[in-house]
Every structure is written in structure tokens, then in C-alpha cells.
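This structure is a prediction, so every number in the text was calculated from the model and none was measured. Quick note: numbers below take in every heavy atom, side chains included, and nothing from hydrogens, waters or symmetry partners.
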Amino acid sequence: MTEENTKKNKTGSLSSRISNGIADFFYRLGFLVATNPWRTIIFSWSTVLLCSLGFICFHTERDPMKLWIPRESRFLKDTEWLIHSFEEGFRTELALVTAPNVLEPEVLLKLADIYDAVAKINPVLPNGTHLGWQDICFKVPYIAEYTSEPNRQKRQVNLPDDEDGLDFNFDDDFFNTDKAPVTQNSARKFNPSVDLSPQIYCPLINALPLGCYQQNLLELWKFDREKIANLTREDILTTVNTVTVSPFSGHFTNFSSFLGGIERNSSGHIVSAKGIMSRWFLYMNYLTLNPQEQGNMAGTGEWASKETLIWEEEFLHVLNKLDKNLTSDNFSVFYMTEKSFGDISGASMFQDIDKLMIGMIIVFIYMQSVLSKFSWIELRLMLGSMGLLTVGMAFISGCAICSLLGVSYGPVHTSLPFLLLGLGVDDMFVMMACWRKVQNAENAKDLTLPDRLGLMLRHAGASITVTSLTDIVAFLVGSTTVLPSLQSFCIYASVGILMTYLYAVTFFVAIFTLDERRIAARRNAVLPCIIHSEDKVKLCCDRRLMQSSIKAIYSRCILTKPGKIVVLMTVIGITGLSAESLMRLEQKFDPMWFVPSETHLGKFIPQRNKLFPTMGFDGGIFIGQVNYTADFGNIFEMSNRVKNESDILYNVNSWVDHFYDFVRIYYEKDLFRDHVSDYEWRLYLSKFLFSHDGGRYQANFRFEKKLECGQAAPRIKVSSIDFHFQKFFHRDQYVPAMRQIYGIASEVNLTTGDKFATAWSKMFGNWITDEIIDEEVLRNITLALVCVMICTAILIVNLQICFWIFICVLLTLINVCGFMQRWGLTIDLVSCIGLQLAVGLCVDYAAHIGHSFLTVTGSRNQRALNCLMHIGEAVLYGGGSTLLALSLLSTSKAYIFKSFFKIFLLVILFGLFHGIVFLPVVLSIVGPAPYVQPQRPQVIANGNCPGEEMHSMIKKDHREPPDENAQLSTQD
């Protein structure tokens with residue numbers, strides 16, 4: 001028993017020494033600052049200016065690849081490889097027209113109006129030149145001259161000198177060859193790429209005109225308005241059901257894929273449709289793009305050149321006018337460009353910043369009501385204003401320091417000032433609570449102002465140090481995430497909280513000193529030049545309603561036996577309900593949540609999903625620089641595996657099997673069994689790519705040199721097999737599909753060259769983030785909780801208090817996540833950031849109460865009540881200030897702000913409940929003993945106030961127990 005008491009005494013002595021050491025440090029700091037307020041202010045401002053030099057290195061990250069995709073992800077590396085391998089590509093602009101039946105002449109005429117208007121788009125660039133559709137479109141060879149004319153005539157072709165003047169009669173099947181027969185021995189069709197001499201065929205190929213690539217149903221009538229006007233409904237249906245080669249471009253085209261909401265008759269023929277999709281393709285040179293220049297502040301923009309963005313902006317303007325002019329009860333126009341999502345989502349992220357500014361004004365007014373006593377002298381206008389300035393200084397210094405460290409600023413950082421505001425104002429309220437304790441002590445008037453401010457910071461400093469350090473550590477842990485935007489935000493938050501803490505205990509205390517000097521001199525708070533006489537100094541209201549309310553509620557209700565039972569049962573019930581909901585919390589993210597429904601994109605997407613319900617995202621398998629002759633068998637096997645994945649893919653467009661059939665039919669060679677040299681293989685590939693059937697696959701290859709007709713194909717840099725994913729709705733569908741396609745690419749046994757093959761789709765960027773986000777949330781929160789526990793244990797030096805703080809934070813997070821599910825929220829990047837913020841906020845509420853409980857003496861019930869009387873008011877006010885700052889976001893239509901408001905509301909409500917209701921109840925039952933107070937001599941107010949003075953003053957202030965003490969059961 002004696003040995004056990006010795007251990008307790010040693011533990012208590014250690015905690016006392018650490019606690020008193022921290023308290024003495026802050027007393028001396030407060031005394032020093034209060035003695036030299038102007039020097040402190042100048043030093044603080046000089047620090048801000050010095051830190052601001054870091055803005056020389058300030059960098060706003062706009063590249064979505066560097067914001068939302070894990071740096072070491074396969075998708076990021078594959079994207080960089082594809083950009084440098086393919087070099088060129090296109091962007092797609094879309095227009096969707098809807099009607100009860102779009103296969104009517106009057107609807108097609110309106111579609112022709114849209115086509116004509118787009119063709120006339122000709123915006124002026126900054127250099128004064130014009131940029132028309134023909135200048136920016138993605139061009140392909142047009143072969144309709146040879147495939148669509150019903151009566152072909154002889155055409156003169158410029159041939160080499162030895163064949164000059166030769167006429168060749170191109171019949172109807174010159175380009176439009178039928179599909180190859182099934183068996184090798186069957187008679188094959190004439191193929192000019194194979195059967196004609198290159199001297200005859202290649203000049204013809206090289207002379208083919210290039211035209212703009214687009215997909216439009218009006219190609220069936222060559223965009224001829226007169227012909228379209230004379231069509232009947234039967235003419236339209238016949239053409240749509242029978243034509244497979246575009247009369248305009250000459251290429252094979254599945255025109256039924258342009259139609260949505262199709263109705264067919266019993267024989268499978270189209271009889272009506274409710275929508276027509278038109279596409280325009282813009283040329284892109286990826287090597288000339290810089291996402292930092294063309295991206296948006298939200299980091300959601302697509303890669304594009306300035307010229308492309310200008311043309312797309314004009315496209316949107318033209319389609320908007322057409323929408324207004326053509327839309328009627330029976331006809332509607334919907335449209336989008338590839339810049340639409342970036343522009344709209346970026347704007348939605350910042351559209352309600354004005355509401356946040358109004359929220360800050362409300363917080364300022366709220367601060368005045370908390371900090372001030374209502375008289376012309378004790379109105380704290382300067383203190384409240386400088387309190388907000390303290391947060392601003394911390395934000396500026398933190399951003400500058402992070403910039404100097406090379407950490408980029410991102411779009412989610414817009415919420416950082418409000419995090420710092422919530423934490424900073426909370427620290428100020430704690431200081432004011434401690435100041436009022438000092439002022440209410442009997443011997444306070446005998447102490448100088450520096451001594452009193454030293455005593456204020458003596459107790460408040462330890463409390464805000466605990467909360468600030470735990471917040472900093474929680475965010476530093478979060479910075480170890482693999483998500484770049486979240487990592488950057490956590491680093492900025494850590495540094496920002498550190499600077500808020502430093503300026504609060506220095507700059508704000510210096511301002512506090514000047515404000516107290518003003519009050520002592522009876523100067524007016526608004527016009528300091530006015531000095532009030534002592535007999536005219538009256539308070540309009542000096543009642544502390546919050547404190548008296550806390551005293552009444554806790555002593556009469558919460559801290560009674562029935563009250564404690566109700567509180568504990570409530571915690572158990574809410575935790576059980578939350579845990580059940582937590583098990584059903586989904587990991588789901590839809591980029592369209594960032595798009596308001598009233599925007600053009602918000603209208604387009606639902607219509608597209610309705611009329612084209614199976615339209616999924618496109619993707620492909622990409623093969624690098626291998627010896628295609630040697631590895632063709634492995635590539636063929638992979639192609640077959642891709643085609644067999646019909647449960648997750650459709651519309652697989654593979655050159656591999658078509659090339660194999662081409663060589664087998666036209667050269668009677670089997671690429672698997674017969675020996676084919678590398679030169680022969682590449683010559684066959686060239687013949688294939690310049691044939692009518694194989695020409696469409698030229699876009700699937702990039703060569704080391706230019707592909708030329710009549711010559712063997714250069715060595716291949718990259719080739720692709722295209723496909724579309726089925727329509728997916730949940731993470732459990734698209735993540736396994738992505739893994740399956742990745743697996744096919746990884747399992748191909750390439751044996752030559754770089755042996756590289758991969759799968760890629762633009763949507764993989766979102767899907768990869770979705771795949772890991774739940775693990776990241778769990779990991780970050782778990783590590784943050786562990787680190788919070790360690791930090792509180794080091795600073796508070798009481799394992800029991802640390803344990804209960806940990807329990808409060810854990811219960812708060814369970815409640816928040818559970819009610820997120822009930823409120824319709826999911827685990828995504830936005831909620832991930834919100835939950836990271838939640839850890840920082842909910843720690844504060846419990847840590848203040850836990851630390852304060854150790855500094856007061858008496859029975860457990862008395863100590864619980866006294867710590868609430870001392871610090872509970874400040875904690876409540878701190879939570880209220882954060883909630884007020886974000887209150888106007890409840891009316892926002894932007895997904896990110898709506899989500900933040902919901903999460904912050906849950907964090908504040910449950911955090912306050914567990915911090916100032918559940919924790920005091922638990923401590924009143926099983927709370928530990930207070931810090932051991934060493935015996936010291938009498939105090940002399942000389943800036944070296946010993947540790948017991950603050951406690952003796954607080955003890956004197958509470959020398960009489962509350963009136964309700966008879967109702968409180970002592971739990972010692």
C-alpha cells in the first residue's frame with residue numbers, strides 16, 4: 001500500500017512539476033509582453049513582413065493531375081507516358097437535341113441551323129487573328145468522292161512519268177470493299193491497297209482531301225438544307241436504317257449510335273427516336289500545353305490551349321443563343337464542351353465566398369457580445385478587430401512559410417481562414433475567461449497590469465497550448481496522405497495553427513494590454529480621445545447570463561445522479577445509432593455534384609443519361625515500343641481477352657484481329673504459324689492502314705517516323721485498342737472493372753522492347769482516388785487520434801484525463817460519420833478534408849475541460865462544476881463562433897460548401913456535447929485528483945509569480961460552495 005502511494009506521489013509530483021513549469025513560462029511571457037506591448041506589436045508585424053518574403057515562391061497548383069491524383073499512382077505515370085507518346089489528340093464538343101420524335105424533317109432543319117451556326121464560329125484571338133472551325137478542327141481524310149457516288153466516272157490521276165496519261169476506271173467497289181470471306185480458300189474481294197501498284201494507288205491516297213472530323217446525323221444528306229427540307233419521314237427512316245457509310249466523309253459510320261431513346265419495330269428497324277447527339281472534334285497538341293497557364297483556380301480544368309478555350313467559349317455562347325431561340329414545347333437544345341466541367345465546378349467552389357465574408361462580420365459582432373461589457377469604455381472594438389487581425393496575420397504568415405518550403409496552394413485551402421478563425425477565436429475566449437477570473441479575485445487590484453496579464457496567460461497558455469499542439473500534430477499526420485491536395489492543405493493548416501497560436505500569446509496579449517490601459521484611463525472605445533468621468537462610467541448590463549445558466553443547469557440537472565444517468569444513457573444510445581449508420585456509410589463520389597443543376601452542363605448530363613443510358617466512359621489498352629512481329633501472338637491473345645469482357649466493356653475496337661484477317665485473306669499467311677520477317681510484317685501493316693477497312697485504325701498508332709503509303713510502316717512507338725466501359729453507378733462496379741482491365745494489361749507476356757502495356761481512361765483519375773479514399777480517411781483519423789493521445793499525455797501528464805479526451809474525440813467522430821450517412825453524405829475527397837478538420841476542432845472542446853479539471857480542487861462534483869464555470873463558457877462561445885462563421889453556407893447550392901456546413905455542424909454539436917456534457921459527467925464520477933500544489937512563500941508581484949497564486953486566487957473566488965451543493969453527491 002505504501003509502495004503504491006509512493007508511485008502515486010511520484011506521478012503527481014511529475015505532473016505538478018511539468019504543469020507548473022508550463023504555467024510559470026506563460027506567466028513570464030505574459031508579464032514580458034504586457035510590460036512591452038508596443039515592442040511586441042512591432043516585432044509581430046515585422047515577423048509577418050519577414051514571412052511575407054516567402055510569397056516570392058508562392059505557387060497556386062492548377063493542374064488536376066497534381067491535385068487529385070496520388071503522386072505515385074500508375075495512372076499519373078501512364079498519363080505522362082501517353083502524352084509524350086501520342087503527342088496529338090482531340091477534344092469533343094457536344095450538342096443534344098430532343099423532341100418527341102427527332103426523325104422528322106422539321107427537327108433535322110433545326111439541327112441544320114445548329115450545324116451552320118457552329119461552322120460560322122470565328123472568334124478573334126488576342127493577337128487579332130480569327131480562329132474558324134476549319135482552323136481548329138481535327139482533320140481526317142475524306143474519301144466520299146470514291147465511295148458514295150452512284151455513277152462513277154473515269155478520273156485522271158497524276159501518275160509517275162512511266163505511266164503518265166493512264167486512265168483507271170474506279171468502279172463502285174474501289175474503296176467500299178465488302179468484308180473478307182470467312183475461309184481462306186473463298187474468293188476474296190478486290191482491294192486496291194493490295195491489288196494495285198503503289199505507283200497508281202499512293203498518289204490517289206496522297207491526293208485525298210482532309211476534312212473536319214465530326215459526327216452528325218446530317219452527314220446522311222451531306223448537310224444539304226434543300227434536300228433535308230424535301231425529305232419525308234419514310235425517307236429519313238429508310239436512310240437511317242440502311243446507310244452504313246457516310247456520304248459526306250466516306251467512312252464507315254454507325255449512325256444509329258447518334259440516336260437516343262430509340263424505338264424499334266418487331267423486325268428491329270428504327271421507327272423513332274427522342275434525341276440526336278452531335279459531336280465536333282478539336283485538334284490538340286499535348287506537348288504544347290501548360291496546365292498551370294490554362295487551368296482554373298479550382299484545379300478542375302481540362303488541358304487545353306488558349307486558342308481552344310477561346311473557341312469553346314464562343315461555342316458555348318452560340319449554343320446558348322440557339323437554345324433560347326430554338327427551344328419550344330416540342331424541341332430542346334442541350335450542350336457542353338470539355339471546358340464546361342472545369343469552369344462550372346471551379347465557379348461553384350468560389351461562388352459563395354461572399355457568404356463566408358458576411359459570416360466573418362457576424363463573428364465580429366458575436367465576438368463583441370462575448371468580449372465586451374456594455375458600456376462606452378468596456379466595449380472591446382479594438383480587441384475584437386485585432387483578434388480578427390491576429391487570424392489574418394497567422395494566415396498570411398503560414399501561407400508565406402509554406403510557399404518558401406515549396407508547398408503549393410490549392411483550391412481546398414479556401415476553407416483554411418475559417419478553420420484558423422474558429423481556433424483563434426476559441427483561444428481568445430479562453431484568455432478572456434481566465435482574465436475575468438483574475439479580475440474577480442480579491443487581491444487582483446493589488447497587482448500591476450503586467451502581473452494580472454501574466455496570471456491570465458499562466459492558466460490560459462497551458463490550455464491553448466494543449467489544444468493547439470494537438471491540432472498541429474493531427475494535421476501533420478494528415479500531411480502523410482498520398483492525396484496531394486489534402487497533403488498540401490494539412491501542411492498549410494499545421495503551419496497556420498502554429499502561427500495563430502504564436503500571435504495569440506504575443507500580439508493579441510499586447511493588444512489586450514493596450515485595451516486594458518484604455519479602460520483604466522476611462523477612454524471611449526469608439527473615440528479614444530473622449531475621456532469619461534468616473535461617476536459616469538456605468539455598465540448597461542454586467543450580468544454574465546451564460547455563466548449563471550451553466551451553474552443552474554449543471555448543479556440542478558446534469559451533475560445530479562438522475563442527470564448523470566440520462567447523459568450516459570443518451571451517449572450510449574446516440575453512439576449505437578451512429579455506429580449502425582456508420583456501417584452503412586458509402587464511399588461514393590460523382591463529379592456532377594460540383595455542377596449546379598441550373599447550368600448548361602447540369603441540364604445536359606441528365607438528358608444524356610436518360611436518352612443514352614448505356615453510354616459509359618471510353619478507354620483503351622496501350623502497348624509500347626515492342627517488337628510487334630515477335631509479340632503479335634501475345635497481343636492477339638490480350639485483344640481477345642478484352643473483347644470477352646462484355647460484362648464491363650462494349651464497342652471494343654481492336655485493330656489486331658482485323659489486321660490478322662487482312663494478312664490471312666490477302667496474303668494467305670497466318671501470322672501465328674507462318675514465318676514472317678519484321679519487314680514483311682510492317683509492310684503488311686502499312687498496306688492494312690492504307691486500305692479502306694484498316695484506314696480507321698491509323699489513329700491507333702504512333703510511329704517513330706511518318707507513315708507513308710507504299711512503304712513498310714516505321715517502328716511503332718505506341719498502339720492502342722479502344723473500348724467503352726459499360727454504364728457504372730457505384731464504386732463496387734467501376735473499381736473492380738478498372739482493376740480487371742489493369743490486370744489484363746499487366747498479364748500480357750510481352751518479351752521484347754520495353755515490354756510495356758497498360759490500360760488507361762480519363763475516368764481512372766477519379767476511380768483511383770475513390771479506390772483509396774476510404775483507406776486514407778481511416779488511416780489519417782486513426783493516426784491523428786493516436787498522436788492526439790500522445791500529445792495530451794505529454795502536456796497534461798495525466799493518463800486518465802488523456803484517455804477520456806481520446807474517448808470524447810472518438811465518440812464525436814463516430815457520431816459525425818454516422819449522421820453523415822443519415823444526412824446523405826458519403827466518403828469522398830470533400831468529406832475527407834472535413835473529417836480531418838473535425839479532429840482538430842473536437843479535440844479543443846474536450847481538452848479545455850480536461851485540463852481545467854486538473855487545476856481546481858474540491859470534490860469531483862465541485863471540480864466539474866467549477867471547471868465549467870471557469871472555462872465552459874469560453875468553450876461554448878468558441879463553438880458558437882465557428883458555427884456562426886459557416887452558418888450562411890446552409891443556403892449555398894455548391895456541393896463543397898453544403899458538405900462543409902453539414903460536417904462542421906455535426907462536429908460542433910457532438911464535439912460540444914461530449915466536451916461540456918459527457919466529459920464533466922464522467923469526471924464527476926471517476927475523475928483523477930488535481931495537480932499537486934507545492935508549498936511556497938507569499939507572493940510578490942514582480943513578474944515572478946509562483947505557481948500557486950493563480951490557484952489561490954481562483955480558490956478564493958470560489959471559497960463558498962454553490963448553493964446547490966447539497967444536491968451534488970461527492971464522488972471522491
*Nearest-0.5 Å distance that lies between atom CG in L601 and atom CZ in F594*: 13.5 Å
Do [X] and [Y] have side chains that approach each other closer than 4.5 Å (heavy atoms only, starting at C-beta)?
X: I772; Y: P70; result: yes
X: F701; Y: L689; result: yes
X: V245; Y: H251; result: no
X: K669; Y: E680; result: yes
X: L210; Y: V140; result: no
X: I605; Y: V595; result: no
X: L131; Y: I310; result: no
X: L483; Y: I773; result: yes

Distance-only polar pair, side chains of [X] and [Y], donor-acceptor under 3.5 Å:
X: Y666; Y: E668; answer: no
X: S719; Y: Y628; answer: yes
X: T129; Y: N127; answer: yes
X: Q487; Y: S479; answer: no
X: T751; Y: D631; answer: yes
X: S340; Y: T337; answer: yes
X: R682; Y: T629; answer: no
X: N749; Y: K755; answer: no
X: R74; Y: T79; answer: no
X: S193; Y: N191; answer: no

Quick one: does any side-chain atom of [X] pair with a main-chain N or O of [Y] as donor and acceptor, under 3.5 Å?
X: K139; Y: Q134; value: yes
X: Q733; Y: H730; value: yes
X: N653; Y: D722; value: no
X: S488; Y: Y409; value: no
X: N216; Y: E219; value: no
X: D135; Y: G132; value: yes
X: S257; Y: N254; value: yes
X: T253; Y: F255; value: no
X: S246; Y: F248; value: yes
X: Q726; Y: L649; value: yes

Ring centers of [X], [Y] separated by less than 6.0 Å:
X: F688; Y: W655; answer: no
X: F90; Y: F281; answer: yes
X: F725; Y: W767; answer: yes
X: Y660; Y: F662; answer: no
X: Y201; Y: F690; answer: no

*Would you sort out whether D678 and R715 count as a salt bridge (Lys or Arg N to Asp or Glu O under 4.0 Å), showing the intermediate values?*
CA-CA 10 Å; D678 183 63; R715 297 195 181 279; 3.1 Å; yes
Considering all heavy atoms of both residues, which atom of [X] and which atom of [Y] are nearest to each other, and what is their separation?
X: I721; Y: S639; result: CD1-CB, 3.9 Å
X: W280; Y: L94; result: CZ3-C, 4.3 Å
X: A759; Y: D78; result: O-OD2, 3.8 Å
X: G710; Y: S686; result: N-OG, 4.4 Å
X: L76; Y: R71; result: CD2-O, 3.4 Å
X: T308; Y: Y283; result: OG1-O, 4.3 Å

*asked:* Atom CD of residue position E72 - does it have more than 12 heavy atoms of other residues, nucleotides or ligands inside 6.0 Å?
replied: no
_Worked check of salt bridge (Lys or Arg N to Asp or Glu O under 4.0 Å) between D770 and K588_ = CA-CA 7 Å; D770 286 351; K588 182 180 179 182; over 6 Å; no
*asked:* Working note: Y697 + H658, criterion ring-ring contact (aromatic ring centres under 6.0 Å, His included); need CA distance, chi angles, decisive distance, verdict.
replied: CA-CA 10 Å; Y697 294 112; H658 289 170; 5.6 Å; yes
*Go through the steps to decide whether Y684 and Y667 satisfy the test ring-ring contact (aromatic ring centres under 6.0 Å, His included), and finish with yes or no.*
CA-CA 9 Å; Y684 297 156; Y667 292 96; 4.4 Å; yes
*With under 30° as parallel and over 60° as perpendicular, where do the rings of F252 and H692 fit, or are they tilted in between?*
tilted
_Before you tell me yes or no, could you show the steps for V748 and S746 under side chain to side chain contact (heavy atoms under 4.5 Å, CB included), namely the whole-Å CA-CA distance, both residues' side-chain angles and the distance that decides it to 0.1 Å?_
CA-CA 6 Å; V748 57; S746 300; over 6 Å; no
*Test R739 against E771 for salt bridge (Lys or Arg N to Asp or Glu O under 4.0 Å), laying out the working first.*
CA-CA 10 Å; R739 291 174 178 168; E771 182 182 20; 2.7 Å; yes
_Exactly one of Y742, F756, F86 should register a ring pair (Phe, Tyr, Trp, His ring centres under 6.0 Å) with F622. Which one does?_
F86
*With the threshold set at 4.0 Å, does a side-chain nitrogen-carboxylate oxygen contact exist between R641 and E747?*
yes
_Determine whether L707 and Q698 satisfy the following criterion, side chain to side chain contact (heavy atoms under 4.5 Å, CB included), listing intermediate values before the conclusion._
CA-CA 9 Å; L707 178 67; Q698 284 194 23; 4.2 Å; yes
*Let me see the working for L671 and F636 under side chain to side chain contact (heavy atoms under 4.5 Å, CB included), right down to the final yes or no.*
CA-CA 10 Å; L671 292 177; F636 188 90; over 6 Å; no
*Looking at E312, E313, E93, which hits side-chain hydrogen bond (donor to acceptor under 3.5 Å, both in side chains) with K339?*
E313
_Step-by-step side chain to side chain contact (heavy atoms under 4.5 Å, CB included) determination, W133 to F315_ = CA-CA 10 Å; W133 164 239; F315 177 90; over 6 Å; no
*Using the ring-ring contact (aromatic ring centres under 6.0 Å, His included) rule, take F617 and Y734 through it: C-alpha gap first, then chi angles, then the decisive distance, then the call.*
CA-CA 10 Å; F617 298 105; Y734 56 73; 8.8 Å; no
